[in-house]
Asker: 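This structure is in structure tokens; I'll ask about it shortly.
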2 protein chains.
Amino acid sequence: MVSIKDVARDAGVSPQTVSNCINNPRIVKPSTRALVTDSITRLGYTPNASARRLRTQRSNTIAIGIAPVSYSRVYDRLLHALATEADANDIRIILYKTDSYQDELRQFNALTAGGDVDSFVLTDTGHNDPRIDWLIEHHQTFVLFGRPWGLDDMYDPDVPWVDVDGRHGIAQMTRHLILHGRKRIAFIGWPGLSGTGMDRRLGWQETMLDAKMASAEELAGLCAEAEDDITAGQSACAALLERNPDIDAVVCVSDTLATGAVMAMPAGANITVTGFDNTVSAQSLKLPTVDQPLAQSAHEIVRIIQERLDSRTSQTGRDESRAAGEHHILLAPSIVIPE
Amino acid sequence: MVSIKDVARDAGVSPQTVSNCINNPRIVKPSTRALVTDSITRLGYTPNASARRLRTQRSNTIAIGIAPVSYSRVYDRLLHALATEADANDIRIILYKTDSYQDELRQFNALTAGGDVDSFVLTDTGHNDPRIDWLIEHHQTFVLFGRPWGLDDMYDPDVPWVDVDGRHGIAQMTRHLILHGRKRIAFIGWPGLSGTGMDRRLGWQETMLDAKMASAEELAGLCAEAEDDITAGQSACAALLERNPDIDAVVCVSDTLATGAVMAMPAGANITVTGFDNTVSAQSLKLPTVDQPLAQSAHEIVRIIQERLDSRTSQTGRDESRAAGEHHILLAPSIVIPE
DNA sequence: CTGTTAGCGCGTTCAA
DNA sequence: TTGAACGCGCTAACAG
């Protein structure tokens with residue numbers, strides 16, 4: 001293992017000069033800097049991460065939980081996007097398991113106390129999420145992926161988040177269908193009070209009303225609910241078709257439900273089914289679907305984390321040089337139309 | 001942040017004694033140990049991971065890659081199983097992105113040189129995988145999840161692996177169908193020379209031949225190939241049914257293909273479709289499927305990594321106290337029959 | 001069984 | 001602009 005000393009000896013300078021070349025290149029004379037960087041590449045030197053963390057008391061590491069069963073179809077894509085963004089910013093990602101809130105708090109404790117981690121990404125937060133309280137109480141840096149629907153003030157500066165505007169995505173999709181001559185457009189959503197689910201349904205509802213495609217009462221009849229699995233989608237769609245034989249499109253809140261809806265279609269029916277998430281299922285069935293901008297989400301998440309860590313470091317009264325950006329980010333998804 | 005010194009002062013002992021209580025409890029007198037552990041819990045002390053790693057030169061961290069598009073439907077479940085196992089063994093998991101082999105090698109270099117990571121889990125290895133060569137050449141500890149089908153000697157002691165016996169799983173499923181009166185059992189597999197795919201097909205083929213359900217020529221007619229997506233599964237199954245109207249069961253190499261096969265079924269047909277992976281799709285459609293023992297896989301992976309790291313540490317000639325276990329592990333999956 | 005000493009590799013503070 | 005000293009928190013060696 002090659003250390004900073006080896007580089008220093010090779011370049012004929014002191015170890016501190018090498019350190020400066022890496023962390024503060026401007027204060028080193030260009031000629032010596034060239035000498036040092038040359039040695040670095042030649043010896044294949046990489047700073048020891050543990051030593052650096054020990055010294056700086058910053059781990060530059062984001063923790064993200066993995067649940068026993070994936071609640072979202074795009075979770076692995078989010079992970080990849082985050083890993084990509086982290087790589088570009090010289091940040092590491094640590095994975096921890098999440099079985100229950102209680103277990104997760106224990107992990108929070110271990111990860112932060114050990115100095116392994118200095119920020120968290122929380123996905124699928126619930127009403128009155130105890131994790132948020134814990135993190136705020138312990139002055140930890142974190143960002144939610146998904147809005148904190150339960151919160152009184154969604155724009156609480158203590159609770160930053162990045163989310164994708166599902167309502168806008170579904171609205172775009174509905175408009176697309178209308179522009180292509182569809183008139184009786186139904187919707188299959190999730191049951192219950194899920195913020196994400198209700199938000200997406202609004203996208204359909206508002207667009208339909210705005211375009212005067214149906215009255216509010218008619219919309220109630222054009223709307224069904226189903227748990228997020230194929231069979232539920234299938235029966236919901238079948239019931240919908242029975243009630244409204246003239247349906248010519250079905251907008252679904254997820255690709256999973258859309259797959260079920262396709263199965264409920266009578267042979268030869270000219271009814272468009274659309275999904276949400278741009279999963280391989282939708283791609284394979286050539287369904288129009290809504291694509292979440294995950295790379296961009298990851299970018300914003302990492303940006304917010306960095307800004308928050310920076311502002312915490314320089315806790316002197318003076319303002320930071322660069323102003324912090326917005327810490328509540330709603331990104332617009334795009335619709336994907338096959339062929 | 002509470003350090004080992006604080007605990008030592010609180011308990012009235014030296015820092016070294018505290019350290020011993022944590023890492024070598026047996027050599028500390030029980031009475032003082034009680035004193036120390038009490039202080040530890042009262043102060044909420046957790047050792048600083050970076051300092052420990054710097055000192056011990058062991059990171060106790062496993063790196064695992066995440067691909068832009070998940071090649072396996074069980075990847076997130078594997079991650080959760082690994083995270084669970086790691087948690088139980090006081091090991092951390094770092095996630096890195098994998099876009100190409102070249103990029104992955106660069107990551108290997110950064111992660112190992114920085115001392116962040118001292119072992120790797122490789123998933124979906126290909127023929128002549130350059131990553132394996134790199135890791136061996138750089139004396140890194142690693143374990144494959146999945147057999148190295150391309151290798152001349154699959155039991156090369158330098159290339160440890162953990163895999164699930166897909167052939168056995170499919171054979172079990174085929175036997176189950178036969179025992180429940182199915183006679184004309186077809187198979188839909190993946191095209192090409194994928195080791196995993198050919199292995200699973202063998203499970204069906206051998207069982208059918210052994211049970212004298214069909215001749216080798218008939219089996220060829222009962223077998224179809226499709227890329228791993230729903231639509232391909234659907235058309236493959238439709239073609240199969242056309243060729244063999246008397247089929248009464250279809251064994252599929254994946255839940256995805258099984259989903260497609262279900263869509264190809266004429267209404268009211270009494271044909272059983274089975275899948276592989278026990279995904280939510282199979283559960284929702286109530287398809288018989290094959291469940292991979294991922295928790296056990298993760299357990300074996302971590303065990304092998306630990307044993308290899310230990311044996312590397314004590315590289316004195318003398319044998320290690322405990323004998324190392326087997327480093328090529330083939331686990332049996334189980335079949336899941338709904339209802 | 002316990003305490004003392006030393007150093008893992010790095011970055012920051014001073015002095016030159 | 002560069003170099004010397006110091007310490008981040010911990011543990012492996014030894015001394016007591």
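Sequence lines set the chain letters: A, B, ... in the order given, protein chains first and strands last, and positions in each chain run from 1.
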Asker: Can you measure Asn48(B) atom CG to dG7(D) atom P for me and round it to whole angstrom units?
Answerer: 18 Å
Asker: With a 4.5 Å heavy-atom cut-off, do Ile132(B) and Phe142(B) have their side chains touching?
Answerer: yes
Asker: Given atom CG of Leu35(B) and atom P of dC1(C), what is their separation to the nearest angstrom?
Answerer: 16 Å
Asker: Whole Å only: how far is the CD atom of Gln57(A) from the P atom of dC10(C)?
Answerer: 16 Å
Asker: Report the nucleotide, chosen from dC10(C), dC8(C), dA13(D), that has the shortest atom-to-atom distance to any side-chain atom of Gln16(B).
Answerer: dA13(D)
Asker: Nearest whole Å is fine: how far is dG9(C) P from Asn23(A) CG?
Answerer: 17 Å
Asker: Does Arg53(B) put a side-chain nitrogen or oxygen below 4.0 Å from OP1 or OP2 of dC10(D)?
Answerer: no
Asker: Judged by atom type as modelled, is there a donor-acceptor pair below 3.5 Å linking the side chain of Thr17(B) to the main-chain atoms of Val13(B)?
Answerer: no
Asker: Measuring from the side chain of Thr17(A) (C-beta onward, heavy atoms only), which nucleotide among dC8(C), dC10(C), dT2(D) has the closest atom?
Answerer: dT2(D)
Asker: Is a salt bridge present between Asp310(B) and Arg58(B), judged by a nitrogen-to-oxygen distance below 4.0 Å?
Answerer: yes
Asker: Take atom NZ of Lys5(A) and atom P of dG3(D), then tell me their distance rounded to the nearest Å.
Answerer: 15 Å
Asker: Students often get this wrong, so: under 4.0 angstrom with heavy atoms, is Ser50(A) touching a base, only sugar-phosphate, or nothing?
Answerer: nothing
Asker: When the distance from CZ of Arg52(A) to C1' of dG9(D) is rounded to whole Å, what number comes out?
Answerer: 18 Å
Asker: Any donor-acceptor pair under 3.5 Å linking the side chain of Asn60(A) with the backbone of Ile91(A)?
Answerer: no
Asker: Between Ser14(B) and Ile22(A), which is nearer to the 5' end of DNA chain C once each is assigned its nearest nucleotide?
Answerer: Ser14(B)
Asker: Over all strands shown, is Pro15(A) touching base, sugar-phosphate only, or nothing at heavy-atom distances under 4.0 angstrom?
Answerer: nothing
Asker: Taking any heavy-atom pair under 4.0 Å as a contact, classify Leu54(A): base, sugar-phosphate, or nothing.
Answerer: base
Asker: Could you check how far CZ of Arg58(B) sits from C1' of dC10(D), rounded to whole Å?
Answerer: 16 Å
Asker: Hey, does Asn24(A) reach any base, or is it just sugar-phosphate, or nothing, if we go heavy atoms under 4.0 Å?
Answerer: nothing
Asker: Does dA12(D) have OP1 or OP2 sitting under 4.0 Å from an N or O in the side chain of Thr56(B)?
Answerer: no
Asker: Want to settle it: does Ile4(A) or Ser31(B) sit nearer the 5' end of DNA chain C, counting the closest nucleotide to each?
Answerer: Ser31(B)
Asker: Expressed as a whole number of angstroms, how long is the span from Asp116(A):CG to dG9(D):C1'?
Answerer: 13 Å
Asker: Work out which heavy atom in Asp124(B) is nearest to a heavy atom in Arg131(B); give both atom names and the distance.
Answerer: O-NH2, 3.4 Å
Asker: Do Arg55(B) and dG7(C) share a donor-acceptor pair, side chain to base, under 3.5 Å?
Answerer: yes
